[in-house]
Amino acid sequence: MSKNAVNREIPGSISGFDTLKPFEGAFTNTPLVRKQKGVRNLPKLNKMLDTVEQAIMKTELKDGMTISFHHHFRNGDYILNMVMDVISNLGIKNLTLASSSLTDVHSQLVRHIESGVVTKIYTSGLRGELGQFISHGKMKNPVLIHSHGGRARAIESGAIKIDVAFLGVPSSDVYGNSNGYTGKSACGSLGYAKVDAEFANKVVLITDYMVDYPNTPFSIHQDQVDYIVKVDSVGDPDGISTGATRITKNPRDLLIAQNAAEVIISSGYFEDGFSFQTGSGGASLATTKFLSEEMIEKGITASFGLGGITSQMVKLHEKGLIKKLLDTQTFDDDAIKSIGNNRYHTEISASYYANPLNKGCAVNKLNVIVLSALEIDTDFNVNVITGSDGVIRGASGGHSDTAVGSGISIIVAPLIRGRTATVVDKVQTIITPGETVDVLVTDRGIAVNPRRKDVLERLKATTLPIFTIEELKDKAQRVAGTPETIEFEDKIVALVEYRDGTIIDVIRQVKS
Amino acid sequence: MRVVKTGIAGTLESSDVMITVSENTSTGINIELHSIVEKQFGKQIRKVIKEKMEELDISDATVSVNDKGALDCTICARLEAATYRAAGIKHVRWEEK
């Protein structure tokens, strides 16, 4: 027996409860609770700090730690460069950067890699100057390329342990409730950031738009947030999103889209209550348009659309053709407005979207996916990361996640781009294994993976131009010529991780 | 045919090529090649240009090529047009071949 802080006799232990901890005062064990209760003239409790530098100091970021960012601001992102510059000035080195993806706007990272601030990178994609820099072997450690679902798995399973997440948010209150569709830098869903907010040790929010408490509905919750910094601007709205994603006028893309829609309609998967996802590329977007015309005619509605949501999907949702939208990343202004206004346009996290090891991700419920490709080979393996010159210039994204999760995965691509054939003997880099790819639709013909005899039989009953993938490859080579083989050095500059955490391919340094 | 001035043909659109043919201060065909597919098709592009210049019976010229992934047939057509312009010939006898 001992007396606690309010002078009651409390036993040290008792039957059924090993040890009892006596009460020590209302604030002793909850240091974050407001201590000056009842003092009305004190500022309201908040987590606001004045500068990014203060936030970095408060998080006790040290050499060798892991930091993370999200890429919902796409090419308009100011956050990553802003934070990295401050970190660099503070002299912190040897950091692991675990960003959900990296875009053209992040080329400044080259400087921070050269100076040893960043020594390891996890990302879904690399482009521009940074892609060139990595591909030319100028970083010591290889970059690890993961899919969106693979990243969520790695973070939830602890394979990636984030010490500090710096998350740009379009709006927040003083306590950290934030969402993506309010404010001048609205980006829509914060699906990737939600994973970081939940699992990072320390979470710093950076916003340019403060709203009254509580900022409901919220995507990132106050109980996940340590510090908040208000800055002038988190991003360039023009780089964050476009107006409405327009349907392409390119006749080749329209032809591909029309064929892809025909494939879906004849595949056996086009039935009331089906679900689908299309990418934001020209041909994929147009596929949605052609498909919707047939949906109206046949009186078929979709149970849900997944994505990657664009104005196309929103229009179909508002017409009642797609009952619900599940949104992990929002691509244009119409879709950003929709996620704020439409009750059944629901934001989902990257884990909910595609984590292969959680208790059930959305891609598993997907019937039809339409995806693009830089290259596809005669084994149906797909490359979306390295260009035909071997340089990294793309992103893994949700490609492999949706290909394996869906009932039928359809790749849309022109047979030849410039003078580069899309169908080749062996793709430069495998992101998505051919055993998860079902149909290839090009402007010069369609090929079905021989594994899918059911689909092949159905499509053969139509007037669609069906070929073997070898025939498509030969067609392409006859026009474009046979390219010389790209030469590589021995050094591995990037590892390509499959969504389950195994390594599916490596990318080597290009010969200069 | 002889190159007497600078002739240009083509555009920088994707799948096109811009070719400038001008006098060469020394002898021979001097090719300055910039191509987005140089690694894969550089040798082939040079070969096509050399062959075409032989066909046009031009031994001395500087050929500056800015290629955005043009096919061989496009490269030939652009080169021929640029060369005729560089030679100051306005009336092309297309039916010759």
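First the proteins, then the strands, lettered A, B, ... as listed; each starts at 1.
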TODO: Decide yes or no for A:R419 and B:I45: does some side-chain heavy atom of the first lie under 4.5 Å from some side-chain heavy atom of the second?
DONE: yes

TODO: Looking only at non-hydrogen atoms, find the nearest pair between A:G418 and B:S15 and report the distance.
DONE: CA-OG, 3.3 Å

Open item on the list: Need one label for B:D72: side chain, backbone, both or neither, based on atoms under 4.5 Å from any heavy atom in chain A.
Closed with: both

Task: Residue A:R444 excluded, over 12 heavy atoms near CZ under 6.0 Å - done: no

TODO: Would you indicate whether A:K491, at its atom NZ, is surrounded by more than 12 heavy atoms from other residues, nucleotides or ligands within a distance under 6.0 Å?
DONE: yes

Task: Any donor-acceptor pair under 3.5 Å from B:Q40 side chain to A:S388 backbone - done: yes

Open item on the list: Need one label for A:T482: side chain, backbone, both or neither, based on atoms under 4.5 Å from any heavy atom in chain B.
Closed with: backbone

Open item on the list: Can you give me the closest heavy-atom contact between A:A480 and B:F41, atom names plus distance?
Closed with: O-CE2, 3.4 Å

Task: Intermediate values then yes/no, side-chain contact (heavy atoms from CB on, under 4.5 Å), B:K39 and A:E484 - done: CA-CA 7 Å; B:K39 279 187 187 168; A:E484 286 157 50; over 6 Å; no

- [ ] Begin with the C-alpha distance, continue with both residues' side-chain angles, and end with the deciding distance and a verdict on side-chain contact (heavy atoms from CB on, under 4.5 Å) for B:V37 and A:D389.
- [x] CA-CA 7 Å; B:V37 289; A:D389 56 358; over 6 Å; no

